[in-house]
Protein chains: 2
Amino acid sequence: MKREERRQEIINLLVESRAVELDDIAARFGVSKMTIHRDLDDLERAGVLRKVRGGATIDAGTQFESDFRFRELQESDVKRALAETAASLVEPGMTVMINDGSMASVLGDVLCEKKPITIITNNAAIMERARTVSGVTLMGTGGVYSAKFNAYFGIVTEAALSRLRADIAFISAPAASGRLAYHMDEAVVRSKQAMMAASGQKCLVINSRRFGHTALHVLADLAEFDTIISDKPLPPDTAAELDGGGTAVRIAKETTT
Amino acid sequence: MKREERRQEIINLLVESRAVELDDIAARFGVSKMTIHRDLDDLERAGVLRKVRGGATIDAGTQFESDFRFRELQESDVKRALAETAASLVEPGMTVMINDGSMASVLGDVLCEKKPITIITNNAAIMERARTVSGVTLMGTGGVYSAKFNAYFGIVTEAALSRLRADIAFISAPAASGRLAYHMDEAVVRSKQAMMAASGQKCLVINSRRFGHTALHVLADLAEFDTIISDKPLPPDTAAELDGGGTAVRIAKETTT
DNA sequence: GAATTATAACATAAATTTTGTGATTTTGTG
DNA sequence: CACAAAATCACAAAATTTATGTTATAATTC
């Protein structure tokens, strides 16, 4: 077992149990404590966990769990399924907006196949990826970089979006309940709203687990979206609220690889 | 001599003579032909040269010579010297603008040390680097990505810059003659001018070899700059023109490592 | 089709990264 | 405050990765 596998595994343990003991994992992987110390140190530096005496924890509520580097590691198969379904709405030649989030960066990857295409985004991961792909016109929105979301936000971002126009915007959300989608961060909400305002079609791409939660700011009314893509059917109350409106719902199926 | 040095040297040879022979350079560096084959293969893949039977050429006029990946490899010691001198104008806490160009990205690297600092840039290399440095507030300008310059340009870029204000702008130029600096690309010129307009101090950072050349568009009058940093004294005519004006000239010295 | 050059595959060498050990310091606890 | 457990440090050893060379085979040029 190699270093990175071991570290990934440590994270998995941590996600399951919130805490691990150093002696424990050293024994489990058959390596010295020092090696585990180094693993934990590096992961801590990467912002994934917090070292405590005798082990490490992943404390919710702190920056850690909400950090993009952490979320990036989670449920990548669901993300891929969502991204592929979302991409089916796009034809070559279109102009698309993609917002922040690790789900969105997977979508960015997938969309790079649909060239020629114009991608407008504030998502740093997508910029980095799309840069190298010919046939993709990449338009960055600019703004102040946020390490927490790995994307750019602020007045500059919003102003840039207000001067642009896309065929379709893909919006993600960390929480939704009833007819509303939520987000905890004001700057992020504004950027997403600006994208929606600047696009013909609006598409919400959301993990089914996010339903039943709320957050400080209302991001949008679900009925504002032309399409909602999720990995499971929407909860009954939400489905009922949307019934009869113009919002289509699509369920992404995981393609078992 | 290490791999990268050897490759750098191959490029230098190529720049001087337009073509190299494989047997030649294998003998010169005292390595096997196979190694040189691999060097040339990789450099070709990087878009720097073109392999031909028995050697390689660098055909000007094609994308190669003007490509940023090519320029990136040139004269890195001069760039570092220029960057370090430029950085001496900056104090922690300042807001600086840095434009496109490989020289500028070196400057970005160096400035990341001066934290806390706010960096405003359209340079993709700097964004990628500064992102990971805490204590650096990174503000991207947005715009359409240009693979040729590895930076963002266009209306969005200019609009973003027009709403911002920095303490100092570092501008680079590929050509200067008499009292004027030049650039071949209109969009690039506009972004540089927008940066200058949005900054208190203006500083031109320019390799001495660039003097005596011109290009399609005038970028700026050298007298507009508060400081000009170069690696050798300015040519007499230019120096005379600037004499008595408010422009300071600084010569960067290479620190032999 | 002979000579030369290029590619591919594998072995070896060099460099880098990762790990373990033991000494030393820090931390928490009674 | 003293003790034990844990963490850190510094260095050596091991493992892995990367770079290079060698040889055999294929492709090109003339």
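This structure is a prediction, so every number in the text was calculated from the model and none was measured.
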Check: Is a side-chain donor-acceptor pair under 3.5 Å present for A:Asn123 with A:Tyr152?
Finding: no
Next item on the list: Measure from CZ on A:Arg6 to P on D:dA15 and round the result to the nearest Å.
Entry: 14 Å
Note to self: Do A:Lys114 and A:Val96 have side chains that approach each other closer than 4.5 Å (heavy atoms only, starting at C-beta)?
What the structure shows: no
Margin query: Using whole Å, what does the distance between atom P of nucleotide D:dA19 and atom CG of B:Leu43 come to?
Written below: 13 Å
Note to self: Are B:Asp23 and B:Lys33 packed together at the side-chain level, in the sense that at least one heavy-atom pair is separated by less than 4.5 angstrom?
What the structure shows: yes
Next item on the list: Apply side-chain contact (heavy atoms from CB on, under 4.5 Å) to A:Val156 and A:Val144, showing your working.
Entry: CA-CA 8 Å; A:Val156 168; A:Val144 175; over 6 Å; no
Check: What nucleotide, of D:dT8, D:dT17, C:dT7, holds the atom closest to the side chain of A:Asp41?
Finding: D:dT8
Checklist line | Nucleic acid contacts of residues 30-40 of chain A, taken as heavy-atom distances under 4.0 Å to DNA chain C | finding: A:Val31, A:Ser32, A:Met34, A:Thr35, A:Arg38
Next item on the list: Give me the one residue out of B:Arg6, B:Arg7, B:Lys51 that meets salt bridge (charged side-chain N to carboxylate O under 4.0 Å, His left out) with B:Asp42.
Entry: B:Arg7
Item checked: Base D:dA7 paired with A:Arg53 side chain (donor-acceptor, <3.5 Å) -> no
Item checked: Interatomic distance where NZ belongs to B:Lys2 and C1' belongs to D:dT18 [whole Å] -> 14 Å
Note to self: What is the separation between atom CG on A:Leu22 and atom C1' on C:dG20, rounded to the nearest whole Å?
What the structure shows: 14 Å
Check: Does the pair A:Lys192/A:Asp100 count as a salt bridge with the N-to-O cut at 4.0 Å?
Finding: yes
Check: In Å and rounded to the nearest 0.5 Å, what is the CD1 to CD1 distance from B:Ile25 to B:Ile10?
Finding: 4.5 Å
Notebook entry, point to check: Taking atom types as modelled, is there a side-chain donor on A:Ser102 or A:Ser105 under 3.5 Å from an acceptor on the other?
Noted result: no
Margin query: For the CD atom on B:Glu21, are there more than 12 heavy atoms of other groups (residues, nucleotides or ligands in this structure) within a distance under 6.0 Å?
Written below: no
Check: For A:Phe29 and C:dG20, what is the distance between atoms CZ and P respectively, to the nearest whole Å?
Finding: 13 Å
Next item on the list: Convert the base pairs of DNA chain C into dot-bracket notation, remembering that pairs crossing earlier ones are written with [ ] and that bases paired across to another strand are shown as |; include only Watson-Crick or G-U pairs under 3.5 Å.
Entry: ||||||||||||||||||||||||||||||
Next item on the list: To the nearest Å, give me how far apart CD (A:Glu4) and P (C:dT17) are.
Entry: 13 Å
Next item on the list: May I have the distance from A:Glu21 (atom CD) to D:dA5 (atom P), rounded to whole angstrom?
Entry: 15 Å
Check: Between D:dA7 atom P and A:Arg50 atom CZ, what is the distance in whole Å?
Finding: 15 Å
